[in-house]
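Just so it is clear: chains get the letters A, B, ... in the order the sequence lines come, proteins before strands, and each one is counted from 1.
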Amino acid sequence: MGQKGFFTDTTLCIGCKACEVACKQWNQLPDDGFQWTAMSYDNTSHLGASTWRHVAFVERSEALPGQGSPRSASPPLAAFGELFPLGQPGPRSLLASNIAPSSVESPTSEAAIEGANSQFSWLMMSDVCKHCARAGCLEACPTGAIIRTEFSSVYIQPDICNGCGYCISACPFGVVDRREDDGRAWKCTLCYDRLKDDMVPACAKSCPTASIQFGEVDELRARAADRVEQLHARGVKDAYLYGADEASQPGTEGLHAFFLLCDKPEVYNLPPDPVVPTKKIADSWWAMASGIAGLGIVAIGAVLSARSTR
Amino acid sequence: MKRVFKNPLSETIPSEDGRNIDPDLDVKVSWDVPLPYRLFEPPPYARSVWTEPLPATEQESPTYYELPMLKEPVWKWYIPAYFYVGGLSGACAVLGASADLLGGPGMVRLSRQCRLIAATGAAASAVLLIADLGRPARFLNMLRVFRPSSPMNIGTWILSTFGACAGLAALPAVLAVPTPLRRLADGAGIGAGVIGLPLTGYTGVLLANTAVPLWQGARRSLPILFSSSGAATAASVLEILGDSDEGAAVTFRFGLIAKATELAMTLLLEREVSVVPRVARPLRSGFSGALWRAAQAAGAASLILSVVGRKRTWTRRAAGVLGAAAALGLRFALFHAGKRSARDPRASFEQQRAGYGASEVVDSKLARTWAEALEEGR
C-alpha cells in the first residue's frame, strides 16, 4: 500500500477551483450556501465539514521573480529563459515561431504592463487536510473513530464518530469541522474509496495544471525537492517546501499532504510552527498530578486538623 | 430535510430542486442594490474578528484576509457547565472520603452531604456531556476504546467509574439499605474519593490538549486551577448548606486553602499566557476579560468574607455564594476567552513565531533547524 499523499505545488495553481468542484461532486458533499465574501475571488474562504479542498487567493502588492509576459522584450524573463536560449531571437508569440514580431506587437506600451506586473502578483493555493504523520485529531479522538488507513492517511469513520468536537479543537491547521445538520466531524478522506480501487483522488485527477500531485509520499518528496531547485534556478528564490518532512516541521513529524509555497506560511493562512497538542501535554498531566496530590493532602489535613481541635 | 435559503429581501424560500438558491433572485434584486455586500453574512466563527477593528501596529504581520486560521471550538455552554459540576462533585467526593476515613462522629453530616452532592453532580455531568455531542445517541462510543493519548477518553473513563462509585456511595443516604450493602457503599465512597481527584483536574488537561493558543499556552496552570477551583466550589456549596461545628471547621479550612490557591492560580495562569501578549488578550479585554476579572474579584471577596464572617450564618452563606459564582465565572471566562483566541489568527502566528509552537518541545537539533528557517522568514 505504502504512504500515499499529495504534493501541492502552488506555483502551478491557476485558481480554477476544479479541485473544489471535483471533491464536492465525488464525495457528494452538501453546498456551503451561496455567500459572497466581498474581499477577494475566494468565496469559499476556509476548509470545513463540507469543503475538503479550498483554493486560497492571495493578492500581493509585490512581484514574483520571473513573473511577466512571454512577449516582454526586456529584461530576459528567467521563467521563459529555457524556451528562448540567450543569443537567439525568440518568437514574439507562442502561437507560432514564424510570425514577424511587428505583426503581434501590443497596441499599448509594454513598459506600462511590466510596470504593473512588477507591483502585483497572485499566490494561489489549493488547501487540503494535511494527513499529518502525527495527527492531532487522531490522537485526540476519544472514540477511535479517527484512524490511520493502510495508505497512511487519516480517516474519520462516519459510523463511529459521535460528534464530540474534540478533533476540531485539536487540529493545529483548523481543517476538521462539524456539520451542523449532521452532528459529525468531517474532513478530507484522501478519497479513501477511490484509493481502495487504485484510483487517484478526485482533486488530483481534475487538476488541469498538475498543481495537485498524488502519489507515494517518498516519491513526491523527491519530485518536490527537484521542483524547488528548478524554481530557484529560474530566479524564484522564495520557493520552499512547507511540511515536507520531519526536519522542516517537527511539530507534526511531516505532512503527507505538503506544499510548495512562495511566501510566509501565514500569508496562506498556514501556521508557521504547528505542533500536535499531544506533544506538549506531558507537562499538563504532571501539573494535574501535583495539583490533585495537593488537593488530597489539603482534604485530609482539613479533616484531621478539625478533628484534633475537638 | 428541505433546505431553505434566506434571501436579502428577508423572505424564506424553500427550494424546489434541492439547491439552496432562489431561482428568482435576479428578478428581485436589481443592480441598484449593492448585491454582494447584502448577501454576505460573515460566518459565526469569523464574526468577532471581522467586527473588531485591529490596532494599526498589529495589522502589519500578514494574515489571510483576517480570517481565522483555526476552527473555533464547537462546544456549547454545556461544557464549561460540566467543568464546574464535575469539579464540584469530584472535590466533594474527595472531602467526603477523607471525612469517612479519618473524621470523627461529628463529621457524619458532612460525609452525607458530600456523597449526595457527588452523586447528583456525576449524574448531571453525564447529562451535560451527552447533550453537547453532535450525535448524543452514540455516547457509548466513548467507551469502545481506551486511549491514553486522548484526555477526553480518559476523562470519560474517569467520570463513568466515578459515577458508579458515587452513585453507590450515596445509596444509604437516600434509602434504608441492609448492612452488607452499606459496607459496599462505604467502600465505593472511598473509591469515589480516589477517582474524584483526577476528575477535578483532567478537564484542565483536556482544554490544554488543543490547538487553541490560550488553552495550549496555559497548559501548566490550567489543571491546577481547575482542581483548586473544584475544591473551592465544593467548600462554597458546603458553606451555603451549613453544618455542625466540626463539619463547618473542615469546610472552612478546606475552603480557605482552596480559594487562596484558586486565586493564586488565576494570577499564575495569566502570567503563563502573557509571555505572548496577543494570546493573553481575551483575558484582558471584552466580555471574557470582564468575566475573568469579575470572577477573580468574587473569589477574593469570598475568601475575605469567609475569614472575617466565619461566625455568622449569613456572612458564611454570602461567602459561599460568592465563591460558587467565582468558580463558575472562571470556567465560562476561560471557555469564551479560548473561543476568541481560536478566532484570532495572529494569536497562533505570534505564539509560534515567538518560539512557543513546536520549537518549545521538539529536540534541540530540530528546533535549531526550525530556528534557522524562521530566521530566513520561512
Side-chain angles (χ1 to χ4, degrees), chain A residues 31 33-40 45-46 56 139-144 160 162-166 168-172 174 177-178 183-184 240 247 250-251 264 266-267 269 271-273 275 277-281 283-285 287-288 291-292 295-296 298-300 302-307 310, chain B residues 20-21 36-37 39-40 62-65 67 69-71 73-75 94-95 98-99 102-104 133-135 138 141-142 145 149-150 152-153 156 197-198 201 205 208-212 216 219-220 223-224 227 231 246 249-250 253-254 257 348-349 352-353 357-359 361-362 366 369 378:
Chain A
D31 68 58
F34 289 77
Q35 292 197 321
W36 302 88
T37 55
M39 58 175 194
S40 76
S45 75
H46 60 109
E139 295 187 1
C141 178
T143 63
I160 310 264
N162 66 5
C164 73
Y166 202 22
I168 296 162
S169 307
C171 174
D177 204 358
R178 193 161 79 178
R184 290 173 291 181
Y240 70 103
K264 289 179 181 172
E266 291 98 318
V267 168
N269 217 4
D273 190 19
V275 63
T278 20
K279 280 214 172 211
K280 288 183 164 184
I281 208 59
D283 284 356
S284 207
W285 284 117
M288 185 197 94
I292 62 178
L295 172 59
V298 169
I300 290 170
V303 169
L304 281 182
S305 68
R307 189 183 163 191
R310 295 294 290 179
Chain B
N20 70 348
I21 56 170
Y37 298 92
L39 273 176
F40 179 65
T63 66
Y64 186 68
Y65 301 103
L67 283 171
M69 191 267 289
L70 296 171
K71 292 281 178 292
V74 291
W75 300 322
V94 173
L95 195 59
S98 311
L102 306 163
L133 292 178
R135 287 283 176 106
R138 294 185 179 180
N141 281 7
M142 292 279 189
V145 287
S149 72
S150 170
M152 190 182 274
N153 179 268
T156 315
L197 285 170
V205 184
N209 189 44
T210 59
V212 175
Q216 195 184 93
R219 67 186 180 285
R220 293 183 196 92
I224 308 180
S227 259
E246 206 168 319
V250 175
R253 283 155 204 224
F254 185 67
I257 298 178
S348 299
F349 294 161
Q352 295 177 13
R353 287 280 179 199
S359 41
V361 281
V362 291
L366 294 174
T369 318
R378 298 279 154 86

Got a donor-acceptor contact below 3.5 angstrom from the [X] side chain to the [Y] backbone?
{"X": "A/D273", "Y": "B/A358", "value": "yes"}
{"X": "B/N209", "Y": "A/I281", "value": "no"}
{"X": "A/K280", "Y": "B/R219", "value": "no"}
{"X": "A/S284", "Y": "B/A208", "value": "no"}

What part of A/C141 gets closer than 4.5 Å to chain B, counting heavy atoms only: side chain, backbone, both or neither? both
Spacing of OG belonging to B/S227 relative to CD1 belonging to A/I292, to within rounding of 0.5 Å: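 The OG atom of B/S227 sits 6.0 Å away from the CD1 atom of A/I292.
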Once you round to the nearest 0.5 Å, how far does OG of A/S305 lie from CZ of B/F254? 12.0 Å
A side-chain contact here means heavy atoms from C-beta on lying under 4.5 Å apart; do [X] and [Y] qualify?
{"X": "B/W75", "Y": "A/S169", "result": "yes"}
{"X": "B/V250", "Y": "A/R307", "result": "no"}
{"X": "A/Y166", "Y": "B/T210", "result": "yes"}

Chain A contacts, top residue of B/I257, B/V145, B/L197, B/T156 (heavy-atom pairs, under 4.5 Å): B/L197
Kindly determine whether B/K71 and A/D177 satisfy salt bridge (charged side-chain N to carboxylate O under 4.0 Å, His left out), including the steps that lead there. CA-CA 7 Å; B/K71 292 281 178 292; A/D177 204 358; 5.2 Å; no
Taking all non-hydrogen atoms of both residues into account, name the closest pair between B/R220 and A/A287 and its distance.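 The answer is O-CB, 3.1 Å.
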